[in-house]
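The model shown is predicted, which means the values in this text are computed figures rather than measured ones. Atom set for the values below is all heavy atoms of this structure, side chains included, hydrogens, waters and symmetry mates excluded.
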Amino acid sequence: MCIRDRVSTQSTGSFSSCDHNFMEAFTSSIGWVLAGLVPSSISSFITKKNIPEWYEHLKKPSFNPPNKIFGPVWITLYITSGYAISRVCPLGEFISGFPSSFSLDSPKQLAVYSFSLQLILNHLWTPLFFGIRRTEFGGPLAGLIATILGFTVYQTSKVDTTATLLLSPLLAWTSFASFLSFTIDRLNRPPKKE
């Protein structure tokens, strides 16, 4: 149908519904991607300052990735997850009226709300861990984020297989980040007084 619309558009020069759907999907994807990238780029200022001053001096496990890996990985994950969630619910639909019709029976709504919640919590992780330098918050918060993402992936699997596959690396990375955060906290706790 879209191919036919495009063929007829070329001959008439008019704007087709297929073109409109493409632009809406593209705009929605950009909106969801920016919802991940903009706050994380702001948080990166906190991270960059505290890596040489504090994080470099913490004890870390042997499986800790090099610092230069984290930025590109998070950028890639925000792009793929933003596109994934836009497949489940266009941003315009989410902003206009979608929240007013919330239903616990809707996998689409549960996926979008849980994705949004984990995104907010994800953006709080950096100020807590790096900003106020509280390693004891890193693991539990990352674990909560991974749990919410697991729920998101489960709900998304009922709506869109491609979106589920695109969200799975974010779940894997966040689960790893949770384990890493717990380990860093354990390694850097002051010895207990006897």
Asker: Any luck finding a side-chain donor-acceptor pair between S157 and T164 under 3.5 Å?
Answerer: no

Asker: Before we go on, tell me: are the rings of F70 and W74 under 6.0 Å apart, centre to centre?
Answerer: no

Asker: Is the shortest side-chain heavy-atom distance between L58 and L187 below 4.5 Å?
Answerer: no

Asker: Might you confirm whether atom NZ of K48 has over 12 heavy atoms from other residues, nucleotides or ligands at distances under 6.0 Å?
Answerer: no

Asker: Do T156 side-chain atoms and T152 backbone N/O form a donor-acceptor pair below 3.5 Å?
Answerer: yes

Asker: For the atom pair OG (S114) and OH (Y154), what is the distance rounded to the nearest 0.5 Å?
Answerer: 12.5 Å

Asker: Applying the 4.5 Å side-chain criterion to the ILVMFWY set and letting contacts propagate, would L141 and F182 be lumped into a single cluster?
Answerer: no

Asker: Taking atom CZ of F137 and atom CG of L144, what is their separation to the nearest 0.5 Å?
Answerer: 13.5 Å

Asker: Would you give the length of the straight line joining atom CG of D160 to atom SG of C89, rounded to the nearest 0.5 angstrom?
Answerer: 12.0 Å

Asker: Between W173 and F176, what is the ring plane arrangement, given parallel below 30°, perpendicular above 60°, and tilted in between?
Answerer: tilted

Asker: Output the distance between atom CG (L128) and atom NE2 (H123), rounded to the nearest 0.5 Å.
Answerer: 13.5 Å

Asker: What's the spacing between L166 CG and T161 OG1 if we round to 0.5 Å?
Answerer: 11.0 Å

Asker: Can you check whether W32 reaches Y78 side chain to side chain, under 4.5 Å on heavy atoms?
Answerer: no

Asker: I want to check something: taking the side chain as every heavy atom from C-beta on, are F151 and L110 in contact at a cut-off of under 4.5 Å?
Answerer: yes

Asker: Heavy atoms, side chains only, cut-off 4.5 Å: are E56 and N67 in contact?
Answerer: yes

Asker: Check the hydrophobic clustering (I, L, V, M, F, W, Y; side-chain heavy atoms under 4.5 Å; chains of links allowed) and say if I148 and L167 are grouped together.
Answerer: yes

Asker: If you group Ile, Leu, Val, Met, Phe, Trp and Tyr by side-chain heavy-atom gaps below 4.5 Å, do L77 and F115 land in one group?
Answerer: yes

Asker: Partners of N64 by side chain to side chain contact (heavy atoms under 4.5 Å, CB included), sequence neighbours excluded?
Answerer: Y55, K60, P61, L180, I184

Asker: How would you list, by chain and number, every residue that makes a side-chain hydrogen bond (donor to acceptor under 3.5 Å, both in side chains) with R186, sequence neighbours excluded?
Answerer: none

Asker: Output the distance between atom CZ (F179) and atom OG (S175), rounded to the nearest 0.5 Å.
Answerer: 11.5 Å

